[in-house]
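Below is one structure, written out as structure tokens; the observations come after it.
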Amino acid sequence: MKLCCVGIGLGLLTFACSGRYDVGFEPAGGSAGKASQNAAGTAASSGGSSSVGGTGSGTAGGSVIGEGGVGDNDVPVDMGRCGFSPTAKSAPATAVASSAELATRVYHFLDASEAPSDLMLPRTPSAAWAATLATQILDGHAAAQTEAPGLVRFLASWLPGNADHPTADSAHAWGLKLTAADATLATLLSEPTGEAHRFGILTEVDVLSAKNGISARGTWMVKALFCTDVPPPPPNLPEADPAPQPGMTQREVLEASVANPACNACHALFDPSGDSLEHFDDAGNYRVLDNGEPVDASARMASPPLEFQDFESLAPQLAVSCQVAQCIGGSIFQDALNAGLGSGAVTLSESERNAVANQFANADFSIRALVQAIVTSPSFVR
């Protein structure tokens, strides 16, 4: 791995490695909690009828949702817990797609399949109906203890696996966990796996073995969790894979290798995240010693400002992070649009991404609330 950024001026490199966030505000503390099945700031409702074929109105994710073609054009945005901008007002989502089109989009998103031919469809589709349909699909999987293929698809593309190190097992296992009515961001990132020292999907053996070393793991983490672009190293740098030296851990060798400020400007962006996983070796096995020395997995991140002793103490903070919710929520949102409308058909706008992120956070990071917010968004229903 090319470790050093020698050859770029420090000022330019600092700018290149600064990252970019649409920052709201991080919660002061607390836990992700367990949201109820219909938690979404304001609960999704089927308008008094549990039938997917009904035409009842309702709300999802804290946004105002009405019947197709009906709605106030001056609806305040509920910024709530995370406060992602813009703070301007926005119109509610109203369904323009036909009932069949909207059903197909929902099934492509969650089931990676066509809608059943015998599905009852309302004459007048609405965003609320789409939310009810999505909830019933997830309910069906939860009851049958089967995975949601669409969520598995997202996880398979999001995780750092490759042909040599596939992460399909984790994608399938956690795609099943996310169908639960009380699944939250904490389920994905900090739920105990039942094995000592392992919390959330990032500590699965296949995920850990797909990326070796602090910098490689950290680079993936800041991209996948914070949506921070990491610039490539400048050309013509010598390959430098830090190997443990006598009496030094791999982390100590790395830190010595990138101590030059021109190198550290980039590495300070992603290495702290990777440090959190230093208790796991390249094969994903837990360890307390590295090269005979105690492992140090503690670090402090600058943005968002997080401090931890190891991944076990970092994971609960990630599970309630506004920036993580915005990033992962936006990634699932874009995947849903690609699946439902075709890859590249719709590029997610910043305002919609932030609106969905606010709804996700306001519902204690409920996966059900996120799904409902996505399928009731203007880009999805129009």
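Just so we're clear, the structure is a prediction, and the values are computed from it rather than from any experiment.
A donor-acceptor pair under 3.5 Å is formed between the side chain of Arg217 and the backbone N or O of Leu277. Asn162 places a side-chain N or O within donor-acceptor distance of the main-chain N or O of Asp164, the cut-off being under 3.5 Å. With Gln145 contributing its side chain and Leu176 its backbone, the two residues share no donor-acceptor pair below 3.5 Å. Between the side chain of Ser331 and the backbone N or O of Cys327, at least one donor-acceptor pair lies under 3.5 Å. A distance-only check finds no donor-acceptor pair linking the side chain of Arg198 to the backbone of Thr193 [under 3.5 Å]. A donor-acceptor pair under 3.5 Å is absent between the side-chain atoms of Asn264 and the main chain of Ala268, judged by distance alone. The backbone N or O of Ser113 sits nowhere less than 3.5 Å from a side-chain atom of Asp111 that would complete a donor-acceptor pair. Looking only at distances, no side-chain donor or acceptor of Ser366 sits under 3.5 Å from a matching main-chain atom of Ala363. Side-chain N or O atoms of Thr179 include none that pairs as donor or acceptor with a backbone N or O of Gly175 at under 3.5 Å. Under the 3.5 Å distance criterion, the side-chain polar atoms of Glu278 are left unmatched by any main-chain donor or acceptor of Gly274.
Counting heavy atoms from C-beta outward, Glu312 and Ser190 have side chains that stay 4.5 Å or more apart. Between Leu254 and Ser215 the shortest side-chain heavy-atom distance falls below 4.5 Å. Considering only heavy atoms from C-beta on, Glu114 stays 4.5 Å or farther from Tyr107 through its side chain. Between Phe308 and Met301, the closest side-chain pair of non-hydrogen atoms falls below 4.5 Å. Using a 4.5 Å heavy-atom cutoff, the side chains of Thr219 and Lys223 are in contact. Proximity of Leu337 to Phe380: side-chain heavy atoms (C-beta onward) are separated by under 4.5 Å at one or more points. In this structure, the side chains of Arg81 and Asn358 stay at 4.5 Å or more apart for every pair of heavy atoms. Taking 4.5 Å as the limit, every side-chain heavy atom of Thr228 sits out of range of all side-chain heavy atoms of Phe270.
Remark: Leu348 CG to Phe333 CZ distance equals 5.0 Å, nearest 0.5 Å. Interatomic distance, CG of Asn338 versus CZ of Phe109, reported as 11.5 Å (0.5 Å rounding). Taken to the nearest 0.5 Å, the CG atom of Leu188 stands 13.0 Å off from the CZ atom of Phe365. Separating the CG atom in Asp282 from the NE2 atom in His165 is a distance of 9.0 Å, to the nearest 0.5 Å. Separating the CD1 atom in Ile201 from the CD atom in Glu204 is a distance of 7.0 Å, to the nearest 0.5 Å. Taking OG of Ser209 as the start and CZ of Phe280 as the end, the distance is 12.0 Å to the nearest 0.5 Å.
Residues Asp310 and His197 bring no donor and acceptor atom of their side chains to less than 3.5 Å of each other. Side-chain contact, Thr135 with Gln372: a donor N or O sits under 3.5 Å from an acceptor N or O. For the 3.5 Å distance criterion, the side chains of Asp296 and Ser298 qualify, holding a donor opposite an acceptor. For the 3.5 Å distance criterion, the side chains of Gln250 and Asn291 fail to qualify, holding no donor opposite an acceptor. Defined by atom type and a distance below 3.5 Å, a donor-acceptor pair is missing between the side-chain atoms of Ser379 and Ser377. For the 3.5 Å distance criterion, the side chains of Ser170 and Asp206 qualify, holding a donor opposite an acceptor.
Note: the hydrophobic cluster containing Leu121 also contains Leu110 (ILVMFWY, side chain heavy atoms under 4.5 Å, direct or indirect links). When hydrophobic clusters are built by joining Ile, Leu, Val, Met, Phe, Trp and Tyr residues whose side-chain heavy atoms come closer than 4.5 Å, directly or via intermediates, Leu208 is not grouped with Phe199. In this structure, Leu225 is a member of the same hydrophobic cluster as Ile332, with clusters built from ILVMFWY side-chain heavy atoms closer than 4.5 Å. Under the 4.5 Å side-chain heavy-atom criterion for grouping Ile, Leu, Val, Met, Phe, Trp and Tyr, Val288 is not connected to Val205 through any hydrophobic cluster. The cluster map of Ile, Leu, Val, Met, Phe, Trp and Tyr, joined by side-chain heavy atoms under 4.5 Å apart, puts Ile328 and Val230 in the same cluster.
Across all non-hydrogen atoms, the minimal contact from Ser99 to Pro122 is OG-O, 2.5 Å. Scanning all heavy atoms of the two residues, the minimum distance from Val222 to Ser273 falls at CG1-OG, 3.6 Å. Residues Val375 and Val381 come closest through the heavy atom pair O-CG1, 3.1 Å. Summarising the geometry of Arg105 relative to Gly340, their closest heavy-atom pair is CG-O, 3.4 Å, with the distance given to 0.1 Å. Residues Val207 and Leu159 approach most closely at CG2-CD2, 4.0 Å, considering heavy atoms. Contact record, Thr184 with Leu178: O-CD2, 4.4 Å, taken as the closest heavy-atom pair.
Judged as a side chain to side chain contact (heavy atoms under 4.5 Å, CB included), and not counting sequence neighbours, the contacts of Asp335 are Arg153, Phe154.
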Report task. Evaluate the criterion side-chain contact (heavy atoms from CB on, under 4.5 Å) for residue pair Ser303 and Gln323; output intermediate values, then yes/no. Result -> CA-CA 9 Å; Ser303 181; Gln323 287 177 221; 4.1 Å; yes
Report task. Go through the steps to decide whether Phe311 and Leu189 satisfy the test side-chain contact (heavy atoms from CB on, under 4.5 Å), and finish with yes or no. Result -> CA-CA 10 Å; Phe311 190 77; Leu189 298 179; 5.9 Å; no
Report task. Begin with the C-alpha distance, continue with both residues' side-chain angles, and end with the deciding distance and a verdict on side-chain contact (heavy atoms from CB on, under 4.5 Å) for Leu306 and Leu318. Result -> CA-CA 9 Å; Leu306 301 174; Leu318 296 176; 4.0 Å; yes
Query raised in the report: Is there a side-chain contact (heavy atoms from CB on, under 4.5 Å) between Glu352 and Val356 once you walk through the steps?
Result: CA-CA 6 Å; Glu352 272 199 278; Val356 166; 5.6 Å; no
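Under a 4.0 Å N-O distance rule, the pair Asp139/Arg368 qualifies as a salt bridge. For Asp275 and Arg251, the salt-bridge test passes: some basic side-chain N is under 4.0 Å from an acidic carboxylate O.
Judged by the 6.0 Å distance and 45° axis criteria, Lys177 is positioned over the aromatic ring of Trp174.
Ring geometry for Tyr286 versus His279: interplanar angle under 30°, hence parallel rather than tilted (30 to 60°).
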